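Just so you know, these numbers use all the heavy atoms, side chains as well, and skip hydrogens, waters and symmetry mates. As the structure is a computational prediction, the values presented were derived from the model and not from experiment. Each chain gets a letter, A, B and so on, in the order its sequence line appears, and its residues count up from 1.
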Amino acid sequence: MLDPRTLAARRDEVAESCRRRGVVVDLDAVIGHQERVAALTTRLQEVYRQRNEHQGRGKRPLEVAERESHAAEGRRLKDEAARLEAEVVEAEKELRTLACTVPNLVHPDAPTGGEADFRVLRHSGTPAHFDFRPLDHLSLAERLSLVDFEGGAKVAGQKFYFLKNEAVLLELALQRFALDVLIDAGFTPFVTPDVARPEILDGIGFDPRGPETQIYSIANEDLCLIGTAEITLGGLYADAILDEDALPLRLAGLSHCFRTEAGAAGRESRGLYRVHQFSKVEMFAITRPEDSEAMHEELVAIEERIFQALEIPYRVIDVASGDLGAPAYRKYDIEAWMPGRGEAGDWGEITSASNCTDYQARRLGIRVRRKATKRNEFAHTLNGTAVALSRAPIAILENHQRADGSIGIPKALQPYFGRDVIGPR
RNA sequence: GGAGAGGUGCCGGAGUGGUCGAACGGGCCUGACUCGAAAUCAGGAGUACUCGCAAGGGUACCGUGGGUUCGAAUCCCACCCUCUCCGCCA
């Protein structure tokens, strides 16, 4: 949600961003509605003022007849207020609905276009040359008894799985490795709840309901399974007014992530790439508005450090305007080289870092108290994947596979993993 | 899960129908005193909405949502949360 008043002030800029996103929104309707809500609110407050004045006159002892007519007038004012209140509530609800259709602004340097129009910012590493035909991660994992999708389907359904043997150790090693990198970088580590209230999801910009939702709801509870720790870490600071000196906040959250993947049938669905549950170490940052772009670069730099240490070839892309998602102002994805993907290997997204500017902060009520002006402003929030324990293992398995079917463990991970190879078996 | 207690401003803590946006402490900010500081004294500090070019008005908010009443922090109902005890449990 963009603030309807800043929307009015920056109307043309917002319109241009919507155009670049390919989103059709009637901005003038939102602005007009905001004005109507303000006018209604003013009228309601005037009735409140009258009511207060009237009540002041009832504080002294009154004759019986006087008391009667006083009470009657009071009831009249109360009814009038109630009527207006209902109108205001209704109008505000509608305004919120309208305002929520307006996505965030888009960074001027982000490429314009759809999913395929990303800009490649840089490459790191070179895809390994195999003198044998490399397998995809699923075949590798099955040969080595690392995952059990059949068992997952048996107890929980399609796209759930068991990790087994070294895959379990690999998951834990990657978690711990990533956390160490983040702690070094000044992040405070968290293990967060795996569930959250719908308001929190909504504040972060996830739609907990509706047919296209990515979110599981828990029956008979007002709770959802989280799709990422971004939800819980952001929610942790909902309604906070933060001291300017306390920023930026760097938070690292380890959680399980649950996604329904509604409407994603058939899309790159093999193996661990797109599953209903996985673990993730997520970065979340809260900054002053002027610091968010630098923080965005910092988050990507950390992601790159992690994947360089894991010896995974990758490229960093600047996601195009049409593929950003409503909260994001700019998004950088890291795509790892996955030798087993497609016919002869392909790039696959393994992390994603977004600068959401004040879009989430506004909905969650995360503010900064400015020292100079003593005023409160909405903070900026950012999030980025340190390591997703579904996709990072794909990249490791596929890139570090050997002719004998074993998997080499990158040096940086060996102390965490405990040995230097998985298999062969 | 059962029983009890409680949720008030930055913190502690009054307040059981109008005079309460809220006593009193503490902390914080400004000024006075001081060479400076401490102590002391005098002032000032919440959030949001709304009207206004502004200065400055107005309105709402005492866990949340309803209700009673001319009038609710105060009474009633529901829910959420916290604490203590019991039970259960990793």
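- The gap from the P atom of C76(B) to that of G7(B) amounts to 14 Å, rounded to the nearest Å.
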Would you tabulate the pairs of protein nitrogen or oxygen atoms and nucleotide nitrogen or oxygen atoms of nucleotides 74-83 of chain B closer than 3.5 angstrom?
none

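- In the interface, the side chain of Gln45(A) is paired with the base of G58(B) through a donor and an acceptor atom under 3.5 Å apart.
- Between the C1' atoms of C35(B) and C53(B), the separation comes to 48 Å (whole Å).
- Taking atom NE2 of His54(A) as the reference point, atom P of U69(B) lies 15 Å away to the nearest angstrom.
- Put simply, NZ on Lys78(A) is 10 Å from C1' on G67(B), counting in whole angstrom units.
- Counting to the nearest Å, the C1' atom of U69(B) and the CG atom of Asp79(A) are 13 Å from each other.
- Across all strands shown, A5(B) pairs with U82(B); the Watson-Crick or G-U wobble distances both stay below 3.5 Å.
- Closest approach to the Tyr48(A) side chain among A60(B), U69(B), C49(B) is made by A60(B) (side chain taken as heavy atoms from C-beta onward).
- Across all strands shown, A38(B) forms no Watson-Crick or G-U wobble pair with both distances under 3.5 Å.
- Nucleotides A23(B) and G43(B), compared at atom P, are 15 Å apart to the nearest Å.
- The separation between Gln55(A) atom CD and U59(B) atom C1' is 13 Å, rounded to whole Å.
- Positionally, the nearest nucleotide of RNA chain B for Glu92(A) lies more toward the 5' end than for the other of Glu92(A) and Glu73(A).
- In this structure A90(B) sits in no base pair that meets the Watson-Crick or G-U test at under 3.5 Å.
- We find the CZ-SG distance between Arg363(A) and Cys100(A) to be 4.0 Å, quoted to the nearest 0.5 Å.
- Here Arg367(A) reaches the OP1 or OP2 of A48(B): one of its side-chain N or O atoms lies under 4.0 Å away.
- Looking at Lys154(A) and Glu150(A), no side-chain N of the basic residue comes within less than 4.0 Å of a carboxylate O on the acidic one, giving no salt bridge.
- Ring centroid separation for the pair Tyr332(A) and His296(A) comes in under the 6.0 Å cut-off.
- Under the Watson-Crick and G-U wobble criteria, each requiring two contacts below 3.5 Å, nucleotide C49(B) is paired to G58(B).
- Taking side-chain N and O atoms only, Arg49(A) has no distance below 4.0 Å to OP1 or OP2 of U59(B).
- Using atom C1' as the reference point in both C61(B) and G21(B), the two lie 9 Å apart (nearest Å).
- Annotation: C86(B) and G13(B) have their P atoms spaced 24 Å apart (nearest Å).
- Looking at Ile396(A) and Leu174(A), their side chains come closer than 4.5 Å, going by heavy atoms from C-beta outward.
- Among the heavy atoms of the strands, none lies under 4.0 Å from Arg375(A).
- Residue Asn376(A) places at least one side-chain N or O under 4.0 Å from the OP1 or OP2 atom of U47(B).
- The C1' atoms of G57(B) and G52(B) are separated by 8 Å, rounded to the nearest whole Å.
- Rounded to the nearest Å, the gap between the C1' atom of G12(B) and that of G27(B) is 10 Å.
- Between Asp180(A) and Arg176(A), at least one side-chain N (NZ, or NE/NH1/NH2) sits under 4.0 Å from a carboxylate O, which counts as a salt bridge.
- Of the candidates Arg369(A), Arg375(A), Arg288(A), Arg288(A) is the only one forming a salt bridge (charged side-chain N to carboxylate O under 4.0 Å, His left out) with Glu244(A).
- Comparing Ile241(A) and Ala72(A) by the nucleotide of RNA chain B whose heavy atom lies nearest to each, the residue mapping closer to the 5' end is Ile241(A).
- For the side chain to side chain contact (heavy atoms under 4.5 Å, CB included) criterion with Glu142(A), the lone passing option out of Leu144(A), Leu138(A), Leu140(A) is Leu138(A).
- In this structure, the CG atom of Leu40(A) is 17 Å from the P atom of A60(B), given to the nearest Å.
- OP1 and OP2 of G18(B) both lie 4.0 Å or more from every side-chain N or O belonging to Asn52(A).
- The pair Glu53(A)-Arg49(A) counts as a salt bridge, with a side-chain nitrogen and a carboxylate oxygen less than 4.0 angstrom apart.
- Contact of the Leu84(A) side chain with the Leu40(A) side chain is registered, since non-hydrogen atoms from C-beta on lie closer than 4.5 Å.
- The separation between Leu77(A) atom CG and U69(B) atom P is 16 Å, rounded to whole Å.
- Rounded to whole Å, atom C1' of C28(B) lies 12 Å from atom CZ of Arg369(A).
- Side-chain N/O atoms of Arg43(A) include none lying less than 4.0 angstrom from OP1 or OP2 on C49(B).
- Of the charged side-chain nitrogens involved, none lies within less than 4.0 Å of a carboxylate oxygen, so that Lys411(A) and Glu311(A) do not count as a salt-bridged pair.
- Applying the Watson-Crick and G-U wobble criteria (two distances, each under 3.5 Å), C75(B) pairs with G67(B).
- Against the 90° criterion about 0, the sugar-base torsion of A45(B) places it in the syn range.
- Going from the P atom of U47(B) to that of A14(B) covers 26 Å, rounded to whole Å.
- Pairing for C28(B) is with G44(B), a Watson-Crick or G-U wobble pair whose two hydrogen-bonding atom distances lie under 3.5 Å.
- Under the 3.5 Å distance criterion, the side-chain polar atoms of His54(A) are left unmatched by any main-chain donor or acceptor of Glu73(A).
- In this structure the side chain of Glu230(A) reaches within 4.5 angstrom of the side chain of Ile204(A), judged on heavy atoms.
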Report all interatomic pairs (protein N or O, nucleotide N or O of nucleotides 51-54 of chain B) with separations under 3.5 Å.
none

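- Glu53(A) places its CD atom 16 Å from the P atom of G71(B), with the value rounded to the nearest Å.
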